[in-house]
Engineer: 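Take this structure, written in C-alpha cells, and hold onto it; I'll ask about it next.
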Protein chains: 4
Amino acid sequence: MPNDQRVPEPDASAGPVRALRADAQRNRTRILEAAEAVFAAKGPSASTEEIAQKAGVGIGTVFRHFPTKESLLKAIMHAVAVRLAEETRALAAQGDPATALFTFFTRTVEQAAEQKTVVDLLAQAGIPVTVAKPVLALREAVEVLVGRAQQAGAVRSDVRAPEVMALLIGLCQASLHIRWEPELRARTLAVVFAGLRPATAPG
Amino acid sequence: MPNDQRVPEPDASAGPVRALRADAQRNRTRILEAAEAVFAAKGPSASTEEIAQKAGVGIGTVFRHFPTKESLLKAIMHAVAVRLAEETRALAAQGDPATALFTFFTRTVEQAAEQKTVVDLLAQAGIPVTVAKPVLALREAVEVLVGRAQQAGAVRSDVRAPEVMALLIGLCQASLHIRWEPELRARTLAVVFAGLRPATAPG
Amino acid sequence: MPNDQRVPEPDASAGPVRALRADAQRNRTRILEAAEAVFAAKGPSASTEEIAQKAGVGIGTVFRHFPTKESLLKAIMHAVAVRLAEETRALAAQGDPATALFTFFTRTVEQAAEQKTVVDLLAQAGIPVTVAKPVLALREAVEVLVGRAQQAGAVRSDVRAPEVMALLIGLCQASLHIRWEPELRARTLAVVFAGLRPATAPG
Amino acid sequence: MPNDQRVPEPDASAGPVRALRADAQRNRTRILEAAEAVFAAKGPSASTEEIAQKAGVGIGTVFRHFPTKESLLKAIMHAVAVRLAEETRALAAQGDPATALFTFFTRTVEQAAEQKTVVDLLAQAGIPVTVAKPVLALREAVEVLVGRAQQAGAVRSDVRAPEVMALLIGLCQASLHIRWEPELRARTLAVVFAGLRPATAPG
DNA sequence: AATGAATGAGCATTCATTCAT
DNA sequence: AATGAATGAATGCTCATTCAT
C-alpha cells in the first residue's frame, strides 16, 4: 500500500483537503505544473486540452482534479500568490527595510517578464473585490514593505500602498508587451524608484 | 494632406491600395468606427459578427475589407495611433514644453481607462518589431516631447524615451485591471512624474 | 416556387419571423425534417450532430437556425402540435360528434406508435405549466371534442377532459413500449371507449 | 426457496452464478438498494457514479458486480418485478376476485407515480421479447387476476390480459408526465374500470 | 461589391468503462 | 475483492472564415 496513513497526523497542511493516492498526487502535480507553464506562456485562454497533453494525462483527469477550467486557473493563481507573498514576507523579515521594497519590486517585474501568470495574478490584486486570501496576503505584505521603507526614510511619507501596487501591476503588464532589455528595465525601475524616494534623498 | 476626395482620382495614395467605389469607402469607414467602438468596449476578443452588426453591414463585407480579424484590429490600431500621434504633435507644438509631456501622459492614461484600444495600441508600441508607420510616428512624437521637457529642465537629462514609453504602456495596461479612483490615478502619476523630474526640481 | 415576394402580403402566416433566402429556407426545412425523423426514432436525447448529418448540413447551420438544441426540439413539438390541433379541429368541424372523439383518439395512438415526437408532445400537454400556445390549442380542441361527444350522448356526462387527456397520453406513452399488434391496439381502445360511453349505451 | 446461505456451499444455484464472499454479497445488496432508490428518483439516466456513492462503494465495485450500466438496470427491474409479482400473487390468493384486479391496478399506478423504476419495469413487460423470468411471472400473475375477475363477473369475458397490461403500462407511463391530483387519477381509473366491467355490471 | 448563410475546427464539460494500486 | 483514479469518446455550442446568391 503506498500511503501509510496510520495516524491522522495534523501536519498535512499542504495540498488538497483529502489525502490522495500517490499516483493521483503525482498527476495533480503534473497538471499544475503543465497549467502553470501553459498559462504562463499563453495566458488564461490556453485550452485545457493542451494542458492535459503537456501533463501527459487524459482530459478527463484534468477535470477530475479541477472541475472547471476556472478552478484550475484559480489554483495556479493561488500557488503563485502564495509564493509571491512568501517571498515578500521573507524580504520584510530581512535586515534592510530601505531596500526591501525596491528589491521586491524589481524581482516581481523580472518574474512577470517570464510568467504571464504573475502578471495575471497581480492584475487580480488590483481589483479589491472578491479576492482570495492569498491575494489579500500579498497586498498586505506589500503594505508592510511600504510602511517599513517609509519608516526607514527610503520612501516618501505621502506615498500609499495602492499606488505602489498600481505601479507594480502596470510594469508587470508592460512586461507582456515590451521586450525588456535589461538596461531598459533597470532605467524604467529607476524612474519609479526615484519617484518613490524623498525629494532630498541622497543620490 | 492626401485625402481631400474632391474628385475620384484613381491614384489616391492614402488609405487602401486602390481607389474604392464611394459606397465601399463609406462601408469601410463605418466598419472602422464600429470596430473601434466595439474593441474599445470589449477588447480584441469581441466577435466580428458584432462589429458587422454595429456597422450595419453583412459579415462578408467586413471580411472583404479586412481579410482577417487580425488585420481589422491592426487597422484600428493604426487609426488610434494616428490620432494619438496628432494629439502629441499638437502638444509639442504648443507653448509649454515643461508640462506638455506630463499633460500627454495624464491624458493618455485617462483615455486608456475608457478605451481598451488605446491600451492595446500602446502595447504594440512597446514591441520595436513590425511596427507600422503610425506607431513609429507616435514613438517619435513622444521622443520629441521628452526632449523638449528635458531642454526645459522639467525632466532629468539621463531619462530616455523608451522608459517613458514603458511607463506609459504599463499604466495604460494597469487601467484594465485597476479601478482608477481619480485620486489614486493622480497619486500614481505623481510618483512617476516625481521620478522623471530632476532631483532638485523646483516645486 | 420558392418565394414570389412582390408585395408584403399579410398572409405570410407560416414560417419564421423574417423572410429567408431560398437556400436558408430549404435548409431550415431539411433540418426540421431531419430533426422530426431523428427525434421520432430516438427521442429527445438524439444528438444534434446526427440531425445535422441527416439533414446534410454542417452542425453550425443547425445552430444558426436553432440557437439551442432545446429550441429545435420546441420547434418540432410546435409543428406536431399544430398539425394535431388542426386534425382535431377538422374532426370537430365534421358531421358526427358521436364518433369524432373516438376517431381522434384512435388516430393519435396510431401516430404515436410511429412517432416518438407525438408521444413527447402529448407528454407536455399533460403538464399544465409553461405550455406553448399550440399545445394549449390542442388541449382546447380535445375539450371541444369531449363536449360535443357528451352532447351527442356518446360519452358519459360525468367524464371531464383531463382524464381523457390522461388516457390519451398513457396509451401514446405505451406505444413506446408495446408492440401494438393491430388487434391488441383495437381491443385496448375498445376498453377505453367502453369506459367513456354511458352505461346504457347500446352494445 | 433455494438461497438459504447457511453454509458456503459453492453450488448455490440462485443469485449470481457463483457463491460470493460475505462482504461481496453485502456490497451487491447495497448497490441494488442504492440503484433502486436512485433510478426510482431520477430514472435510468442517473449516473453510475451517484449510485456508487449512495451505496458507499467505489465505482469499480459497481462494475465488478454489474459489467455494464445496462445490466444493473436489468437487475433492478428484476427485483421490482419479483416484488410486484409477489404482491399480485398475494392479491390473487386473497378473498375477493371481483376487486383484486382493480386493487392491483390502482396500487400499481400509485406506485408508478413515485417510482420511475416501476414505470420502466412495466415498459419492459410490454415487450414480449427477451423477457426475464420475473417479468413473465408478473404477466402470468396479472393473467390470473384477470381470469378470476372474469369468473367473478367483474370483468367482461371478451377482455384479455394483454390489453389490461397495455392499459396498466400506459397509465404508469402517464405518471411520468401528469401531475396526478388524486381525483384526476381516480376519475381516470374509473373510466378504465368502467370499460373493463360488463356493460350491465351491477353497481 | 454586398450579403448573410454555411462551414467545421475548437472548446469546456460529462460519464460509462478500464485498470493500476 | 475493492478502490477510485484515469481514460477518451461524445455532446452542446461558438466563431473566424468561405462562398453561393
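All chains are named by letter (A, B, ...) in the order of the sequence lines, taking the proteins before the strands, and each is independently numbered beginning at 1.
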Engineer: It should be established whether H65(D) places a side-chain nitrogen or oxygen under 4.0 Å from OP1 or OP2 of nucleotide dA1(F).
Structural biologist: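 Looking at the OP1 and OP2 atoms of dA1(F), neither is under 4.0 Å from any side-chain N or O of H65(D).
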Engineer: Out of curiosity, R30(B) CZ to T61(B) OG1, how far, rounded to the nearest 0.5 Å?
Structural biologist: 10.0 Å
Engineer: Within this structure, what is the NZ-CD distance for the pair K54(D) and E36(D), rounded to the nearest 0.5 Å?
Structural biologist: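 The NZ atom of K54(D) sits 11.0 Å away from the CD atom of E36(D).
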Engineer: Distance check needed: dA6(F) P versus I59(A) CD1, whole Å only.
Structural biologist: 13 Å
Engineer: Quick one, K74(C) and F66(C) - any side-chain contact, counting heavy atoms below 4.5 Å?
Structural biologist: no
Engineer: Is the phosphate of dA5(E) approached by T61(C) (side-chain N or O, under 4.0 Å from OP1 or OP2)?
Structural biologist: no
Engineer: Measure from the side-chain heavy atoms of K69(D) and tell me the nearest of dT17(E), dT17(F), dA2(F).
Structural biologist: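 When the side chain of K69(D) is considered, dT17(E) is the closest of dT17(E), dT17(F), dA2(F).
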Engineer: Compare side-chain N and O positions of T48(D) against OP1 and OP2 of dA16(E) and report whether any pair is under 4.0 Å apart.
Structural biologist: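 Indeed, a polar side-chain atom of T48(D) lies that close.
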Engineer: Please report the distance, rounded to the nearest Å, between CD1 in I51(C) and P in dG12(F).
Structural biologist: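 One finds 8 Å between P of dG12(F) and CD1 of I51(C), rounded.
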Engineer: Rounded to the nearest Å, what distance is computed from the NZ atom of residue K42(D) to the P atom of nucleotide dC15(E)?
Structural biologist: 10 Å
Engineer: For the pair made of CZ in F63(B) and C1' in dA5(E), what is the distance, rounded to whole Å?
Structural biologist: 14 Å
Engineer: Looking at dA1(E), I'd like to know if its phosphate oxygens (OP1 or OP2) sit under 4.0 Å from a side-chain N or O belonging to N27(B).
Structural biologist: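 It does not, given that no N or O in the side chain of N27(B) lies less than 4.0 Å from OP1 or OP2 of dA1(E).
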Engineer: CG of D23(C) versus C1' of dT18(F): gap in Å, rounded?
Structural biologist: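 Taking CG of D23(C) and C1' of dT18(F), I get 14 Å after rounding.
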Engineer: Does R64(A) have a side-chain nitrogen or oxygen under 4.0 Å from the phosphate oxygens OP1 or OP2 of dA6(F)?
Structural biologist: no
Engineer: Atom NE2 in H65(A), atom OG in S71(A): separation rounded to 0.5 Å?
Structural biologist: 11.5 Å
